[in-house]
A.B. asks: 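Okay, handing you the structure first.
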Amino acid sequence: SEEVRSVVTFVAPGYPLILAVVIKLFGLFAPYWVNFVFGLGWVVLLAALFREIFDDPKVEALALVASLYVMICGHSLNAHFLLYSFREMPSFFFIIGGLWLLLRAERNNSGLLYFLSGLSFILATGIREPSIFALAGPLLWLMRPRSASDPRRGSTRYVFFAPFFAVVL
């Protein structure tokens, strides 16, 4: 049926929009470099995320090397999907960015960082639809009970949801 065909052939507009802007600004061959730039950004964000999680620089480095190995060598097509003009790398960039921003927001109790974290997950979903499933962890993290003495107990963390409401409205 036409309804099923429209759902199956739907592509989130984020990545085509990125490509259109890049082509307009830098020319027809620029899309060849888009995922490479997102990939470099992803490595930087992944290193920053591991810096937030681990206290030992050796563990941070090992986690980064292991992640890079799995991403590049985990499957024979991974490198192709990450470097050529496919939607995975920009999606991963925004998911890792959202996780890093969420941890920074938790540490600083910053409404702006919570908002940017939620926005990052919206952008990831706008690029690759299954990225919405990456929200399970952050949602559980934000909804966990807090002790009465926790200074982050307040409603600042709920600013994370503001971008989602903006999209729905």
Side-chain angles (χ1 to χ4, degrees), residues 1-53 63-105 110-142 159-169:
S1 75
E2 184 60 34
E3 292 82 18
V4 172
R5 187 177 302 112
S6 69
V7 170
V8 172
T9 60
F10 175 78
V11 174
Y15 194 59
L17 180 63
I18 290 171
L19 292 180
V21 168
V22 167
I23 289 170
K24 184 75 171 167
L25 293 175
F26 302 108
L28 290 175
F29 293 107
Y32 293 112
W33 296 97
V34 169
N35 280 10
F36 179 74
V37 172
F38 274 113
L40 290 177
W42 174 79
V43 171
V44 169
L45 285 173
L46 197 60
L49 179 68
F50 289 147
R51 201 170 299 118
E52 282 292 318
I53 296 171
L64 184 62
V65 168
S67 297
L68 290 173
Y69 179 79
V70 168
M71 287 295 286
I72 294 171
C73 300
H75 187 273
S76 62
L77 293 177
N78 276 5
H80 301 87
F81 284 124
L82 297 176
L83 294 176
Y84 296 143
S85 293
F86 292 103
R87 302 179 296 159
E88 281 74 12
M89 185 48 73
S91 177
F92 290 156
F93 172 83
F94 286 112
I95 289 170
I96 296 298
L99 291 172
W100 176 71
L101 286 165
L102 181 62
L103 291 179
R104 296 290 298 177
S110 167
L112 176 63
L113 291 177
Y114 279 118
F115 177 82
L116 292 174
S117 175
L119 182 62
S120 188
F121 282 102
I122 288 289
L123 292 172
T125 304
I127 290 171
R128 182 108 172 93
E129 303 86 353
S131 298
I132 194 77
F133 296 113
L135 275 172
L139 291 177
L140 291 172
W141 178 264
L142 288 170
V159 175
F160 175 85
F161 299 103
F164 299 94
F165 293 126
V167 168
V168 170
L169 297 176

A.B. asks: To the nearest 0.5 Å, how far apart are CG in Leu135 and CH2 in Trp141?
C.D. replies: 15.5 Å

A.B. asks: Distance-only, no hydrogens or angles: does the Ser120 side chain make a donor-acceptor pair with backbone N or O of Leu116 under 3.5 Å?
C.D. replies: no

A.B. asks: Can you tell me if Phe26 has over 12 outside heavy atoms packed within less than 6.0 Å of its CZ?
C.D. replies: no

A.B. asks: Do you know the tightest heavy-atom contact between Phe121 and Ala134?
C.D. replies: CE2-O, 3.9 Å

A.B. asks: Taking all non-hydrogen atoms of both residues into account, name the closest pair between Gly97 and Leu45 and its distance.
C.D. replies: CA-CD1, 3.7 Å

A.B. asks: Report the relative orientation of the aromatic rings in Tyr32 and Phe29; use parallel for angles under 30°, tilted for 30 to 60°, perpendicular for over 60°.
C.D. replies: parallel

A.B. asks: Hey, does the side chain of Arg128 reach the backbone of Glu88 with a donor-acceptor pair shorter than 3.5 angstrom?
C.D. replies: no

A.B. asks: Please report the interatomic distance CG(Leu64) to CZ(Arg51), rounded to the nearest 0.5 Å.
C.D. replies: 9.0 Å

A.B. asks: If you take all heavy atoms of Leu49 and Leu99, which pair is closest and at what distance?
C.D. replies: CD1-C, 3.9 Å

A.B. asks: For the CD1 atom of Ile127 and the CZ atom of Phe93, what is their distance to the nearest 0.5 Å?
C.D. replies: 9.0 Å

A.B. asks: With distance as the sole test, does Ser67 use its side chain to make a donor-acceptor pair with the main-chain N or O of Ala63 at under 3.5 Å?
C.D. replies: yes

A.B. asks: Of all heavy-atom pairs between Asn35 and Met89, which one has the smallest distance, and what is that distance?
C.D. replies: O-CG, 3.6 Å

A.B. asks: Could you tell me if the side chain of Val44 sits less than 4.5 Å from the side chain of Leu40, heavy atoms only?
C.D. replies: no

A.B. asks: Which pair of heavy atoms, one from Pro138 and one from Leu102, lies closest together, and at what distance?
C.D. replies: CB-CD2, 3.6 Å

A.B. asks: So which heavy atom on Pro31 is nearest to which on Ile23, and how close?
C.D. replies: CG-CG1, 3.5 Å

A.B. asks: State the CG-CZ distance between Leu101 and Phe94, to the nearest 0.5 angstrom.
C.D. replies: 11.0 Å

A.B. asks: Do other residues, nucleotides or ligands put more than 12 heavy atoms under 6.0 Å from the CG atom of Leu25?
C.D. replies: yes

